[in-house]
Amino acid sequence: MRKVILGAMFGTVLLGGCNELKRGSDQNVKAEIKGQEVAVLTAPPNVPPPIARKHNTKLIVNLEVIEKKMNIAKGVEYTFWTFGGTVPGSFIRIKEGDEVEFHFKNHPSSKMPHNIDLHAVTGPGGGAAASFTSPGHESVFSFKALNPGLFVYHCATAPVGMHIANGMYGLILVEPREGLPKVDREYYVMQGDFYTKGKFGIQGYQPFDMEKAIDERPTYVVFNGSTNSMTGENALKAGVGETIRLFVGNGGPNLVSSFHVIGEIFDTVFPEGGSVPNHNIQTTLVPAGGAAIVEFKVEVPGNLVLVDHSIFRTFNKGSLGLIKVEGPENKAIYSGKTADNVYLPEGGAIQKIKEKEEVALAQNLDDQLKLGKNIFLQNCAACHQPDGKGIKGAFPPLANSDWLNTNVRQAISAVKNGLSGEIRVNGEVYNGVMPALDLSDEDIANVLTYVYNSWGNKKNTIKPRDVKAVPEKSTDLGEH
Ligand SMILES: [Cu+2]
């Protein structure tokens with residue numbers, strides 16, 4: 001037992017240094033404390049309500065560690081170690097100058113001791129040593145919130161990397177004395193990288209893989225603990241004209257996030273969760289063990305896509321979330337596609353003829369299948385997977401797809417015009433965005449013929465004239 005604790009303490013010493021840079025102001029230290037309150041904690045993506053009181057108080061925070069199995073992706077189970085039963089852990093909201101009495105509980109069913117290092121704490125280890133708690137115990141410690149900002153908290157029990165990799169992190173907001181400006185909606189989004197024995201999407205229970213974690217080769221990179229935390233029915237919501245504030249954190253343990261929202265520009269960012277605002281930002285870096293406050297107004301309807309712009313993580317490892325914005329169009333701000341004109345630069349006629357010669361025209365079904373397979377591998381497989389089985393929760397299957405097999409015209413339209421909004425494929429709900437892929441009618445005919453003649457589908461043959469017959473829709477999907 002002694003050995004375990006010493007190891008654990010060593011871990012905390014290593015991570016404790018992050019508080020050294022903070023300075024408290026004397027004015028804060030002297031502020032009067034009035035009364036006592038119990039802090040409201042929330043599960044992601046929710047944020048506790050803004051603090052209305054003008055005075056400082058003694059704030060009781062009750063946080064319980066629970067080790068539990070949850071899905072990291074549809075059909076993929078993982079044993080998470082959680083602060084409050086969710087990944088990331090409960091959101092804690094306090095006010096600059098508050099005196100926090102922290103009650104840290106470790107559920108009796110836990111197998112491990114745990115603790116908490118709050119980056120908002122001025123004191124050794126951010127509270128780590130004081131909060132070190134065995135299963136079935138509770139530790140109490142107090143701190144004064146000297147610095148305003150958005151801070152990460154995490155477990156710092158050895159092996160620290162493993163505790164964090166299992167989901168032991170969350171955010172604590174220390175509101176400045178004057179509070180934050182009012183917005184219409186606030187959400188809590190936190191990225192984390194996960195390391196499982198099985199590859200991405202392999203079904204069933206997946207244990208932690210220490211070797212991948214040390215090599216920094218994550219299997220999953222996700223927001224709020226799972227690939228579908230903010231897609232489908234879980235998509236965040238907003239209305240046209242509303243202002244949104246995202247409290248964005250990154251638990252790591254390894255990766256730095258290039259946080260970006262496809263289809264928006266951040267009006268204001270508080271980089272690294274600090275006090276100096278920056279404006280008109282496209283992508284903001286969120287370091288492991290760091291945070292950012294991101295604010296923007298949504299002007300037009302549509303799906304905004306939250307991503308880590310290290311983009312393979314988004315399309316292949318799960319770091320994708322949606323904000324569904326509803327309300328009236330505003331064509332003056334965004335028109336959608338208004339024209340598709342023939343573009344013939346000088347000499348274009350000659351190039352065009354050459355291009356025509358190069359286009360492979362399928363003479364028979366065999367040709368179509370061969371050409372179609374190539375188009376599939378180059379244009380579709382990244383999302384729908386080479387075996388057509390898709391990725392549960394993100395990309396629907398084309399293999400044996402009832403959606404595909406019931407209506408040829410809608411399948412053609414999906415490839416021609418893109419597809420978004422809720423659909424049901426083989427009983428599963430998907431609510432993603434498939435971009436229109438600028439393919440010729442010939443290519444679309446070939447790829448769909450290949451898809452229809454593979455993986456147990458209905459063996460339809462699609463001709464370019466069938467593709468031509470399906471109307472083109474202007475679409476505003478998939479653009480940055
Ligand atoms: Cu822990």
Side-chain angles (χ1 to χ4, degrees), residues 7-8 10-18 44 67 70-73 76-83 87-89 112 114-117 119 126 128 151-171 189-202 205-227 229 248-260 271-273 283-292 306-321 382 391 394:
F10 186 60
T12 69
V13 170
L14 282 178
L15 275 154
C18 39
E67 300 172 1
M70 293 189 285
N71 283 358
I72 188 163
V76 186
E77 250 195 341
Y78 187 79
T79 303
F80 293 91
W81 298 349
T82 75
F83 289 109
V87 175
M112 301 280 164
H114 299 283
N115 66 4
I116 191 166
D117 168 354
H119 292 179
F151 299 94
V152 167
Y153 67 78
H154 62 87
C155 183
T157 302
V160 177
M162 183 178 177
H163 284 250
I164 295 178
N166 284 339
M168 296 199 80
Y169 43 76
L171 291 180
V189 175
M190 196 161 184
Q191 183 170 322
D193 28 298
F194 289 87
Y195 305 82
T196 62
K197 287 270 186 257
K199 285 191 178 158
F200 182 91
I202 299 285
Y205 180 76
Q206 290 296 331
F208 171 70
D209 187 322
M210 189 62 149
E211 200 177 313
K212 281 188 188 168
I214 292 168
D215 293 347
E216 304 190 11
R217 278 191 294 118
T219 331
Y220 292 86
V221 182
V222 297
F223 296 127
N224 291 357
S226 102
T227 58
S229 65
V248 184
N250 184 5
N254 288 319
L255 300 186
V256 169
S257 173
S258 300
F259 186 73
H260 176 81
E272 297 170 15
T283 300
T284 193
L285 277 175
V286 188
L306 280 53
V307 300
D308 179 340
H309 215 298
S310 291
I311 210 74
F312 271 100
R313 297 175 189 167
T314 294
F315 291 109
N316 298 74
K317 295 186 174 179
S319 56
L320 185 143
I391 291 177

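Throughout, residue positions are numbered sequentially from 1 according to the sequence presented.
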Contact check, side chains of [X] and [Y], non-hydrogen atoms, under 4.5 Å:
{"X": "Phe259", "Y": "Leu306", "value": "yes"}
{"X": "Ser258", "Y": "Thr283", "value": "yes"}
{"X": "Met190", "Y": "Pro44", "value": "no"}
{"X": "Val152", "Y": "Leu171", "value": "yes"}

Query - Steps toward side-chain hydrogen bond (donor to acceptor under 3.5 Å, both in side chains) verdict (Asn166, Tyr78) - result: CA-CA 9 Å; Asn166 284 339; Tyr78 187 79; 2.5 Å; yes

Reported [atom1]-to-[atom2] distance for the pair [X] and [Y], which is rounded to 0.5 angstrom:
{"X": "Met168", "Y": "Tyr153", "atom1": "CE", "atom2": "OH", "value": "9.0 Å"}
{"X": "Tyr205", "Y": "Thr196", "atom1": "OH", "atom2": "OG1", "value": "10.5 Å"}
{"X": "Thr79", "Y": "Glu67", "atom1": "OG1", "atom2": "CD", "value": "8.5 Å"}
{"X": "Asn250", "Y": "Asp193", "atom1": "CG", "atom2": "CG", "value": "7.0 Å"}
{"X": "Gln206", "Y": "Ile72", "atom1": "CD", "atom2": "CD1", "value": "9.5 Å"}
{"X": "Asn71", "Y": "Thr227", "atom1": "CG", "atom2": "OG1", "value": "8.5 Å"}

If you look at every heavy atom in [X] and [Y], which pair is closest and at what distance?
{"X": "His163", "Y": "Cys155", "value": "ND1-SG, 3.4 Å"}
{"X": "Met162", "Y": "Trp81", "value": "CE-CH2, 3.9 Å"}
{"X": "Met70", "Y": "Thr82", "value": "CE-CG2, 3.9 Å"}
{"X": "Ile164", "Y": "Gly251", "value": "CG2-O, 3.3 Å"}
{"X": "Leu320", "Y": "Thr314", "value": "CD1-CG2, 3.7 Å"}
{"X": "Ala128", "Y": "Ala156", "value": "CB-CB, 4.2 Å"}

Query raised in the report: Does Glu272 CD have over 12 foreign heavy atoms under 6.0 Å away?
Result: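 For Glu272, atom CD is not crowded (no more than 12 foreign heavy atoms under 6.0 Å).
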
Requested in this report: Return yes when atom CZ of Phe312 has more than 12 non-hydrogen atoms of other residues, nucleotides or ligands closer than 6.0 Å, and no otherwise.
Outcome: no

Check whether any side-chain N or O of [X] sits under 3.5 Å from a backbone N or O of [Y] as a donor-acceptor pair, and report yes or no.
{"X": "Asp209", "Y": "Tyr195", "result": "no"}
{"X": "Gln191", "Y": "Asp308", "result": "no"}
{"X": "Lys212", "Y": "Thr219", "result": "no"}

Report task. Evaluate the ring planes of Phe200 and Tyr220, with Trp represented by its six-membered ring, and classify them as parallel (under 30°), tilted (30 to 60°) or perpendicular (over 60°). Result ->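 The arrangement is tilted - the two ring planes meet at 30° to 60°.
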
